[in-house]
Every structure is written in structure tokens, then in C-alpha cells.
Amino acid sequence: MEERSAATGEVALPDGRRLVPSPGESAGALLARWDPARAHAMLAALWDGRPVDLAYVPGTAGALAPLTFEDRAGWEILQHSSAHLVAKGLVEVIPEALPTHGPPTDDGFYYDFDVRPLTPPDLQAIGEAMVRSVRAKEPFVRRELPREDARRLFASNPYKLRYIAASAENEAISVYDTGGFTDLCRGPHVPDTHWLEGVHLLGFSAVEPTEAGGRPLQRVRGVGFPTREQLSKFLKLREEAAARDHRTIGQRQELFFFTEQAPGFPFWLPNGMVIVRELERFVTEHLRKAGYAEIRTPLLFARSIYETSGHWEHYKENMFLTRLEDQEFGWKPMNCPGAMLIFGSRPRSYRELPLRLAEFAPLHRLEASGTLHGLLRVRELVQDDAHLFVTEEQIEPEIRVLLDWIREACATFRLEYSFELSTRPASFLGEAGDWDRAEAILARLLDGSGVPYRRSAGEGAFYGPKIDIHLKDSLGRPWQTGTIQLDFQQPRRFRLQYQGADGGLHTPAVVHRTILGTWERFVGILTEHVGGRWPPWLAPSQVRVLPVTDGQAGTAATVAAELQALGVRATAGASDATLPKRVRDAELERVPYIVVVGERETQDGSVSVRVRGAKGSRSMSRAEFGAYVTEKLRRREFDP
RNA sequence: GCCACUGUAGCUCAGUCGGCAGAGCGGCUGAUUCGUAAUCAGCAGGUCGGGGGUUCAAGUCCCUCCAGUGGCUCCA
């Protein structure tokens, strides 16, 4: 806590200095007096921990601190001010538009309007209006109004009236004027529109109406920077991110493709399949060590199975259904029913627990057409799935192992991840008490793991709470991959039992879990993460052996064959183009190792190796190179 | 599913006012035999997303369906 000065009107600053404001001196003026060198970067202030405008005049003693774009709070203020600028521009272009609200988000801001559907020319015109406002350097001026005046001011805007009605009786109603545009707002704001020089509109879309029966609102999204240089940097980063898009790389590297005739159903091409199989091997090796057994269960089940599992009631809309001889069947959207049936197929003993059953089967989910997104959201997918049938005591140690394994796996891929704890949804199976218990267990495990996590109330699966792992794509959008779900409901519904040491019959708990999630989404994320530069162990083509001329075609074939015998994916290239051209092709393919053999190498049994990402080439013996590569592959090293 | 936008050669894209469908890359053929990010020449390749309409004439205008993109909703 900031120490309050006893002396009336004395203002404490972050470095411990105290200043006495002259009458009417604003926070901005005080801060400029305190630190003139940094004054230009200050866009707002904290007064006793509360964000205020620089124009705010502190009447009493208190603590004052500057806010800049570098501070999260300052960043948000600039985003929010940018939203105001959008509203000003949009109302200039479409005077009958009703602004609703325009908050900052994780990565920018938006402003929602009740207005006819927008068009690209609208956006263009709005942008131009915003630029005019920025050039005019219009100040954000705060006014506080009596409620009645505020109601009159916004009489034509029911959304703003609702905010006024919802605000606390004792709260001042404040509005901000910006070059003739007035918006209801708590503030604070940047001093003037010139601060918004680096604002950039990202697009617009319809959003669901805030209330039933209302018409959809139009959302304009954007991001703000205090300077054009910072905006340019951002745009450049985005451009680079677009080049890493897995859909682009997947096409270039021939990893997968989609066709209009099967929307949302990926075709894995030979190169992509190499990656999937390597990932499968990576996970399967772990399963063997960690005491899992593998199973294979049907892709189709009669409706009654889903009625038992609860999917019929809670997931039917997302299922592909089909009729077989007058009976309704559904393609399985998850592997759990099959695992439940196997557990229940004969009497079980506590000695068999924990029973860990893994199944990598194709799953079908009828995702809405508008949500499909390359490999990141598909309708047919394969999870690295397993179900752990456990006693109550085994829950914690089993999940702890899973959390460790997730950390280890992410380290292998150098992926940054975050955990999310999702709790009981509105539509759930079983008793609230079971849920509380399960949620408490997961929370305790996460707390104990020391990894920060987010809590999402109401986001759990219908049968239990879960810990989700989130990975981000190249544009920073988060995607759920791995998941750990604790389920007391399905075992009960399937009447699963085991005989305990006490001779009695007990119902096991089930941990549903995936580590990488699905091959589809994981390969998609990983493609963007590595930008198509696959770690050698995953690279579809690991070594390209190039002869300098036809004369060394035999040498190239021999070298490639030697490497293949070591289990390396090596191919000998032809000499159908100039060497620089063939090197270029292999570089663009992101092959980790390009080996050149010419006359010299043929003579002395060496190879000239070009390692992806390294400058130049180096010479080594064939045996040395073979050992080098196989060691890289064995250790699953990230860099070649 | 909702809103907006987009769909032309394998890929990236041009195609003006409605008037003969184009380029680069890739592919194929030939020449070149090349020392670490593009050798040269020639050739092939198109139901202009599908269907319907307007028109003497449609890649271009209108309707409709499909798919994709960005959001929303939903979710691994």
C-alpha cells in the first residue's frame, strides 16, 4: 500500500518523492513536473490505485503514478480510447447507428453497434474518419452529469440508457466528448486522439444479440498503438504469422488437403502421415512405459449406448447418425463408451486397477460449418486417448503422472502451454456433491503443480470437470489440445464395478485423458509453431543427398541407402538442374540435412553437410554423419 | 448455424465499360553436367466453384446452392 501523506494535498509518487500540487494542477501536470523526461509517454495516471485521466485534478492527498502504453492498464486505456474513436468514426459514417459498448480485449478492442450490416467500404470510410480525428488531435473531455441529463442525452440509445439504469445510484454518470462525439463512459482515456495514431481496424462481424429477440449487433474489432511505427511492427509480425499458417504450409509441404466433397474431413498425404506416425510412436512409447494397454472398439454404436453414456441427451446435435435395419446408430464422437463396455465385459478385481486403456480411433463430430478451420477444427479426428479406471485413492497419483507427462511432452516440442480448470456446466450428469469433490481434487493437483492456471466456471464436460491444455496458433488464438477429465458419472451409468480388497463391490472413477489431444489439431499447431521447419525426427524428408553431377549419382544413391539402413528418411536427388537450384529446392522444403557429394567426396568417402539454419556446409565422413543424424533422431532433438 | 467477404490453370494472382481466358512459379520435353537459395528454350495445362436467369453476347450483371476466409456461437 502507498503511504498516505499526513500533510493535506501532498502527493506521493512512485519513487517516494512528494509534491505539493498548486491549486487546480492536474495529475498530468504533476507527473510532468515529477519526471519531465518521461512525461511524453504518460497517457493516464493511477490515483490511489484507480486509473484516472491526466486531466484529473486530485483534490486531496494521495498516491499518484503514471500509466504508459507499456503498463497493462495503460495499454487497456489506449485500446478503449481507440474503441471510442471507432464509434466516433462509425457514427459519422452512419449517423443512425447506436453504439453499445467497446471494451479492451486480450489482444485489442472491439466496439459493438446496433446498425445495419457493415460492408468493407463502410470500414474504409470509418478508417478515414478516424484518421481525420487523429490529425485534428481532438481531446477526450470528461463531464459528469446528473442522471436525468444523461438520460436525456442518450434518449435515443436504449443500450446506453440500460447502462445508466444499471449503474449504482451514488455513482457519477460520466461522458466523454471527443470532437463533437459524446459517449457514455466511465473512462479514463488518453488525453487526445493523436495518441491513437497507430490504431488499426482488424475487421467486423455480426455478434449474437445481447438479449433474446434483439437484432444482431455489428462488431468492429481493432488494435491500437500510440505510434505508427509500433503499428507497422505489429503488422509485420502478423504478416509473418500468416506465412506460418498451417493451411499454407500444409499445402506447400503436401501434409494434408481438404476437398469440397468432404468438408471438415482431412486427407492425410504421405508427408503428413509420416508426422502423424512419428507422433504416434512418441506417445505409444510412453504408454508402454507407463503401463497402458491398447484397445480397439467399434466406430458405430446403437443409440442405447449413448443414452447410457449421456451423449444422447447432451451431445446428440454434434453426432453423425445413421440407420441400420431400422435401428438408430451413431458414429462415436468420443472413445469412452467403448472403454466402458470393455471394463464391464467381465467381473473386475481391485488388483487390476488402475486399468489404463488407450484407444486411437477415428472420431466423428458434426461441427457447425462456420466453425471449421483447417486442421484445427475438423469433423473427423483421432485423439491420443486413454481411459484410466481407478479407485478413489488412485485418482491423484495418476493425474499427477499425467501432468508431468504433459510438461515433458511440451518441452520436447518447445511449446508454451497453459492449463485451464473447467467446472460444472449448466447441463450436467450426477450429483453436485460428486462434482464438488472432483473439482476440488483437480484444483488441488493444479495448485500443487505450481503451474498457473485459469478457472473457467461452467465449462466442464457434461460428465465431469476437466483440466484442459491450451496451445496457441501463429496468430495467438488459443486452442484446446490435451485434456484430463475426472468422471464419476459414466462408470455409474454403465454400472461398472470391481471387487475390492474388502470383498465388496465398488464403482471405479474414470480419468479420460489425452496428452497431445488430436493428431489433427496438434499437427496444425505444431506446423505453425515450427513454421514448417520440422525437428529432424518429425521431418517427412530428413536427408537429401545431392550429386554435383551425373557422375556422382551412384555415390548419392549409396549414401542415401546407407542412411536408410540406419532408419533415416534419406533420398538421393537427381542431377536434373543446377546444384544451386536443387539446394534451393531442398531448403524451401525445409529438409534438415542437405548432403552434397561430388568428385571429392566420392574419392575420400566423405559428405558435405548443410545443416538447416546453420551457415555454410561442413565436411565429415559418412560414418560420422550417420552417427550424428541417428543420435539427433534417437534423442528427438528439436534442432537439426 | 449466424453476419460480412472470397472462389479464374497444380500454386500465387491479373483480367478495364458485358465483346477471342492471361502471367509467374510448378509440370512435361529438349539442350546444359553444374560445388551449396532460382541455367536456357519449347510445350502442355481452364465445365472461370455448381445450377438457373438477363442479354445478340456473361469470368464480368441478377438469383440460388456449395465451399473457403475473418469474426460470433460452439468446441479437441
Side-chain angles (χ1 to χ4, degrees), chain A residues 110 112 115-123 202-209 215-221 242 245 247-248 251-252 254 257-264 315 317-318 333-334 363 365-379 381-385 422 459 461 466 468-471 475 477-483 485 512-522 524-525 544 546-553 574-589 594-601 608-612 615-619:
Chain A
Y110 65 80
D112 285 348
V115 64
R116 62 160 169 82
L118 298 174
T119 63
D122 290 334
L123 207 64
L202 288 166
F204 58 89
S205 66
V207 298
E208 295 283 299
R215 73 163 163 166
L217 300 176
Q218 301 292 316
R219 173 167 300 176
V220 178
R221 296 180 316 114
D245 191 306
R247 291 164 298 190
T248 309
Q251 181 173 277
R252 257 178 76 120
E254 296 192 21
F257 92 102
F258 289 92
T259 168
E260 219 174 283
Q261 281 79 25
Y315 204 76
E317 302 67 39
N318 282 305
M334 297 164 189
L363 304 177
R365 300 180 179 183
L366 183 49
E367 303 293 355
S369 55
T371 65
L372 301 177
H373 184 95
L375 279 183
L376 298 185
R377 194 167 177 81
V378 294
R379 287 175 170 156
L381 50 101
V382 180
Q383 296 178 321
D384 60 332
D385 203 5
S422 300
E459 296 293 319
K466 54 180 188 163
D468 288 330
I469 294 92
H470 292 270
L471 302 177
L475 284 175
R477 294 173 291 207
W479 296 88
Q480 185 190 325
T481 55
T483 184
Q485 311 179 345
H512 309 241
R513 107 289 176 281
T514 68
I515 303 300
L516 305 184
T518 71
W519 304 134
E520 289 74 19
R521 185 170 286 183
F522 192 76
I525 293 282
R544 175 74 38 83
L546 300 175
V548 174
T549 71
D550 276 344
Q552 295 87 41
S575 52
D576 53 352
T578 60
L579 184 63
K581 167 70 169 160
R582 287 174 285 145
V583 168
R584 178 170 195 268
D585 289 344
E587 284 283 355
L588 288 175
E589 243 184 88
I594 300 169
V595 168
V596 172
V597 288
E599 192 50 43
R600 201 158 56 233
E601 287 77 12
S608 167
V609 181
R610 188 179 161 113
V611 177
R612 189 184 68 207
K615 283 238 161 68
S617 59
R618 52 186 174 147
S619 178

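Worth saying up front: this structure is predicted, and the values here are computed from it rather than measured. In what follows, chains are A, B, ... by sequence order, proteins preceding strands, each numbered from 1. Every heavy atom of this structure was used, including side-chain atoms; hydrogens, water molecules and symmetry mates were not.
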**Complete:** Heavy-atom nearest nucleotide on RNA chain B taken for A:Lys466 and for A:Arg221; more 5' hit belongs to A:Arg221

**Which residue lies more 5' along RNA chain B, comparing A:Gln261 with A:Leu375 via nearest heavy atoms** = A:Gln261

What is the distance from [atom1] of [X] to [atom2] of [N], rounded to the nearest Å?
X        : N     : atom1 : atom2 : result
A:Gln383 : B:C75 : CD    : P     : 15 Å
A:Arg477 : B:C74 : CZ    : C1'   : 16 Å
A:Asn318 : B:C74 : CG    : C1'   : 8 Å
A:Leu217 : B:G71 : CG    : C1'   : 14 Å
A:Leu202 : B:U69 : CG    : C1'   : 15 Å
A:His470 : B:C75 : NE2   : P     : 12 Å
A:Arg365 : B:C74 : CZ    : P     : 17 Å
A:Asp112 : B:G71 : CG    : P     : 15 Å

Is any side-chain heavy atom of [X] less than 4.5 Å from a side-chain heavy atom of [Y]?
X        : Y        : answer
A:Leu579 : A:Leu546 : yes
A:Leu375 : A:Trp519 : no
A:Leu366 : A:Arg379 : yes
A:Arg247 : A:His373 : yes
A:Leu381 : A:Gln383 : yes
A:Arg544 : A:Glu589 : yes

Determine: side-chain N/O of [X] to OP1/OP2 of [N], distance under 4.0 Å, yes or no.
X        : N     : value
A:Thr371 : B:C75 : no
A:His373 : B:G71 : no
A:Arg247 : B:G68 : no

Pairwise [atom1] distance, [M] and [N] [rounded to whole Å]:
N     : M     : atom1 : answer
B:C13 : B:G18 : C1'   : 22 Å
B:A21 : B:U16 : C1'   : 15 Å
B:G42 : B:G52 : C1'   : 43 Å
B:A57 : B:C40 : P     : 47 Å
B:U8  : B:U60 : C1'   : 11 Å
B:U12 : B:G71 : C1'   : 25 Å
B:A9  : B:G1  : P     : 26 Å
B:C34 : B:C20 : P     : 49 Å

Determine the contact category for [X]: base if any of its heavy atoms lies under 4.0 Å from a base atom, sugar-phosphate if only primed atoms, P, OP1 or OP2 are that close, otherwise nothing.
X        : answer
A:Lys615 : nothing
A:Arg521 : base
A:Gly370 : base
A:Arg544 : nothing
A:Glu367 : base

**Request:** Could you encode protein contacts along nucleotides 26-38 of chain B as a string, one character per nucleotide from 5' to 3', using B for base contact, S for sugar-phosphate-only contact and - for no contact, with a heavy-atom cut-off of under 4.0 Å?
**Result:** S------BBBBBB

**Reading 5' to 3' through nucleotides 4-11 of chain B, protein heavy-atom contacts under 4.0 Å coded B for base, S for sugar-phosphate only, - for none** = SS-----S

Is it the case that the side chain of [X] and the backbone of [Y] share a donor-acceptor pair, with hydrogens and angles ignored and the cut-off at 3.5 Å?
X        : Y        : result
A:Thr518 : A:Arg521 : yes
A:Glu520 : A:Val382 : yes
A:Arg582 : A:Ala577 : yes
A:Arg365 : A:Pro333 : yes

**Message:** Quick check: closest heavy atoms across A:Glu601 and A:Ser608, and the distance to 0.1 Å?
**Reply:**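 For A:Glu601 and A:Ser608, the tightest heavy-atom pair comes out as OE2-CB, 3.7 Å.
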
**Message:** Under the rule for ring pair (Phe, Tyr, Trp, His ring centres under 6.0 Å), what residues qualify as partners of A:Tyr110, not counting sequence neighbours?
**Reply:**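 So A:Tyr110 forms a ring pair (Phe, Tyr, Trp, His ring centres under 6.0 Å) with A:His101.
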
**Asked** Which dot-bracket string fits RNA chain B when only Watson-Crick or G-U wobble pairs with both atom distances under 3.5 Å count, crossing pairs get [ ], and | stands for a partner on a different strand?
**Response** (((((((..((((.....[..)))).(((((.......))))).....(((((..]....))))))))))))....

**Request:** Would you give the length of the straight line joining atom NE2 of A:His470 to atom OG1 of A:Thr483, rounded to the nearest 0.5 angstrom?
**Result:**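 The OG1 atom of A:Thr483 is 8.5 Å from NE2 of A:His470, to the nearest 0.5 Å.
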
**Asked** Without hydrogens or angle criteria, can the side chains of A:Gln251 and A:Thr248 be said to hold a donor-acceptor pair below 3.5 Å?
**Response** no

**Prompt:** Do A:Asp385 and A:Thr514 have a side chain donor and acceptor closer than 3.5 Å?
**Reply:**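 Checked: A:Asp385/A:Thr514 side chains show no N/O donor-acceptor pair below 3.5 Å.
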
**Prompt:** Taking only residues two or more places apart in sequence, or in another chain, which ones meet A:Asp384 in a salt bridge (Lys or Arg N to Asp or Glu O under 4.0 Å)?
**Reply:** none

Look for any protein N or O under 3.5 Å of an N or O in nucleotides 14-17 of chain B and output each such pair with its distance, or none.
none

**Asked** When only distance counts, do a donor and an acceptor, one from the side chain of A:Arg377 and one from the base of B:C75, lie under 3.5 Å apart?
**Response**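 Looking at the base of B:C75, it does pair with a donor or acceptor on the side chain of A:Arg377 (distance under 3.5 Å).
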
